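Quantities reported herein were computed from a predicted structural model and do not represent experimental measurements.
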Amino acid sequence: MRTIRKCLVWDLDNTLWDGVCLEGPVTIKPEVAGAIMELDRRGILHSIASRGDEDLALQILRQFALERYFLLPQINWLPKAQSIARISRQLELSLDAIAFIDDDAFEREQVAYMLPGVLTIPAERATELPHQAEFIPVEVTEEAESRRQFYRSELDRHRAESSFTSREEFLGSCAMKLSIREMRERDIPRVSELMTRTHQLNTTGLMMAHEQLRNLLHDEDRRHRVFVAELQDKFGGYGIIGTALVDESPGSWVLKYLALSCRVMGRGIERAFLSKLIRGAVKMNAMAVDAEFRDTGRNRMMRAMYQMMGFRAVGDPDEDGRLILRADLRDVPKGPSWVEVA
């Protein structure tokens with residue numbers, strides 16, 4: 001199974017451009033610039049791990065109108081593996097989500113040895129990058145096209161947080177607005193992407209193809225409904241960060257699936273989303289709200305979230321490992337005070 005790389009880290013001299021910037025003028029092949037822009041459109045992030053003078057290198061990137069494509073550029077005299085490790089930590093990406101391109105075989109070998117999991121690519125293949133399987137996602141969603149800006153906003157959030165005395169104080173300053181609505185046709189690729197890519201913040205591990213989601217959207221009896229959650233704060237928009245599948249029958253709701261993007265982990269968004277869904281069910285005269293949970297080995301925090309929101313187990317897991325949890329509708333917990341929900 002191929003692994004899609006989420007971030008491509010570039011060397012500069014004789015890789016991103018032809019020539020050594022400390023020795024004189026350099027040039028960038030139009031095909032290389034085109035590859036950078038095409039991967040960015042697909043949601044692949046770019047960064048830099050290169051030796052040299054940072055001010056000069058950034059000046060050249062500005063000259064070729066490419067600076068905006070690179071997050072956390074590491075242009076210094078440190079080992080490149082050290083720079084890549086820093087990029088990995090700050091972007092919160094695992095090493096097996098990162099690729100590194102360099103003209104020097106020694107540098108590639110050193111990075112491969114020190115950071116197993118990082119895919120190394122020789123510079124002569126730079127123009128071929130858009131055709132390489134590791135950079136071809138199954139589908140390019142609206143969120144993918146804006147991914148660089150999402151990450152840039154997230155870096156701004158981290159910088160801003162350091163000026164506050166507590167996490168709660170910072171979250172309260174972010175002006176978070178969570179919008180919840182039913183899924184539309186154009187949302188299907190993103191909902192499918194969340195099901196495919198979200199491993200820790202999902203409740204059952206359910207995956208559905210586009211056609212299955214489309215059938216739910218056009219279900220005549222309206223028994224199954226798919227909801228999506230979009231998040232916005234003062235730093236920018238996240239797009240769709242959550243989805244839920246509800247089986248609605250007279251007098252009861254069953255949450256078949258709930259998932260959120262790991263990008264919003266630790267902000268209470270899952271509690272705000274779930275609280276809104278439960279309260280919506282109560283307004284529609286539901287006498288019971290149940291939730292299915294299946295332990296996938298990585299999603300146990302979601303069972304803890306259900307318990308925090310007042311759900312309790314009804315019996316034991318079935319033969320497929322599915323456990324039914326029931327909400328206490330007499331006292332539905334609210335989401336965190338710093339999230340405005342619409």
Could you check H158 against Q90 for side chain to side chain donor-acceptor pair (under 3.5 Å), going step by step and ending with a plain yes or no? CA-CA 9 Å; H158 285 310; Q90 294 208 12; over 6 Å; no
Would you say the side-chain atoms of [X] pair up with the backbone N or O of [Y], donor to acceptor, closer than 3.5 Å?
| X | Y | result |
| --- | --- | --- |
| S252 | V289 | no |
| S146 | Q149 | no |
| D320 | R322 | no |
| N14 | D103 | no |
| R223 | D247 | no |
| H46 | I36 | yes |
| S47 | L72 | yes |
| W10 | S50 | no |

Working note: R86 + Q74, criterion side chain to side chain donor-acceptor pair (under 3.5 Å); need CA distance, chi angles, decisive distance, verdict. CA-CA 9 Å; R86 183 169 186 264; Q74 305 295 302; 3.0 Å; yes
Which value, rounded to the nearest 0.5 Å, describes the distance between [X] atom [atom1] and [Y] atom [atom2]?
| X | Y | atom1 | atom2 | answer |
| --- | --- | --- | --- | --- |
| L277 | M309 | CG | CE | 9.5 Å |
| T296 | N202 | OG1 | CG | 5.5 Å |
| L129 | I136 | CG | CD1 | 10.5 Å |
| D11 | I101 | CG | CD1 | 9.0 Å |
| L119 | I98 | CG | CD1 | 11.0 Å |
| I48 | T15 | CD1 | OG1 | 11.0 Å |

Kindly give the heavy-atom pair with the smallest separation between [X] and [Y], and that separation in Å.
| X | Y | value |
| --- | --- | --- |
| G242 | F273 | C-CE2, 3.9 Å |
| D55 | R62 | O-NH2, 4.4 Å |
| L93 | C7 | CD1-CB, 3.7 Å |
| A49 | I84 | CB-CG1, 3.9 Å |
| V118 | V111 | CG1-CG1, 4.0 Å |
| A57 | L12 | CB-CD1, 3.7 Å |

Would you say L71 and L95 are hydrophobically clustered, going by side-chain heavy atoms of ILVMFWY under 4.5 Å? yes
In terms of hydrophobic clusters joined by side-chain contacts under 4.5 Å, are Y238 and W338 together? yes
Results of salt bridge (charged side-chain N to carboxylate O under 4.0 Å, His left out) for [X] - residues two or more places apart only:
| X | result |
| --- | --- |
| R271 | none |
| E182 | R222, R225 |
| D13 | none |

Compare all side-chain heavy atoms of [X] with those of [Y] and state whether any distance is below 4.5 angstrom.
| X | Y | result |
| --- | --- | --- |
| F135 | P130 | no |
| K276 | F227 | no |
| R157 | R267 | yes |
| E67 | L58 | yes |
| L201 | S261 | no |
| L8 | L39 | yes |
| I269 | V339 | yes |
| M305 | M302 | yes |

Check [Y] with [X], please: is the shortest side-chain N to carboxylate O separation under 4.0 Å?
| X | Y | answer |
| --- | --- | --- |
| R148 | D40 | yes |
| E340 | K334 | no |
| E161 | R167 | yes |
| E38 | R42 | yes |
| E134 | R5 | no |
| K256 | E292 | yes |

Can you tell me if M265 has over 12 outside heavy atoms packed within less than 6.0 Å of its CE? yes
Step through the shown structure and confirm whether more than 12 heavy atoms of other residues, nucleotides or ligands are within 6.0 Å of CD on Q212. yes
Show, in sequence, the C-alpha distance, side-chain angles and deciding distance for R312 and D328, and conclude whether the salt bridge (charged side-chain N to carboxylate O under 4.0 Å, His left out) test is met. CA-CA 8 Å; R312 295 294 178 264; D328 181 356; over 6 Å; no
side-chain contact (heavy atoms from CB on, under 4.5 Å), paired with L178, selected from V264, I241, D233: I241
Which is it for R300 and D295 under the salt bridge (charged side-chain N to carboxylate O under 4.0 Å, His left out) test, yes or no, and what are the steps along the way? CA-CA 6 Å; R300 292 175 184 172; D295 189 343; 2.9 Å; yes
Partner set under side-chain contact (heavy atoms from CB on, under 4.5 Å) for A291, not counting sequence neighbours: L255, Y306, F311
Those residues that, when tested against R186, pass side-chain contact (heavy atoms from CB on, under 4.5 Å) (two or more places apart): E142, R181, R184
Criterion salt bridge (charged side-chain N to carboxylate O under 4.0 Å, His left out) on E107 and R51, from CA distance to verdict: CA-CA 11 Å; E107 296 287 359; R51 293 193 182 89; 2.4 Å; yes
Would you call the rings of F235 and F170 parallel, tilted or perpendicular, where under 30° means parallel and over 60° means perpendicular? tilted
Let me see the working for R279 and S275 under side chain to side chain donor-acceptor pair (under 3.5 Å), right down to the final yes or no. CA-CA 6 Å; R279 292 172 187 278; S275 179; 3.1 Å; yes
Under 3.5 Å, is there a donor-acceptor pair linking the side chains of H218 and E185? yes
Can you pull out every ring-ring contact (aromatic ring centres under 6.0 Å, His included) where at least one residue sits in residues 281-305? Sequence neighbours excluded, please. none
Which is it for D156 and S153 under the side chain to side chain donor-acceptor pair (under 3.5 Å) test, yes or no, and what are the steps along the way? CA-CA 5 Å; D156 290 341; S153 296; 5.2 Å; no
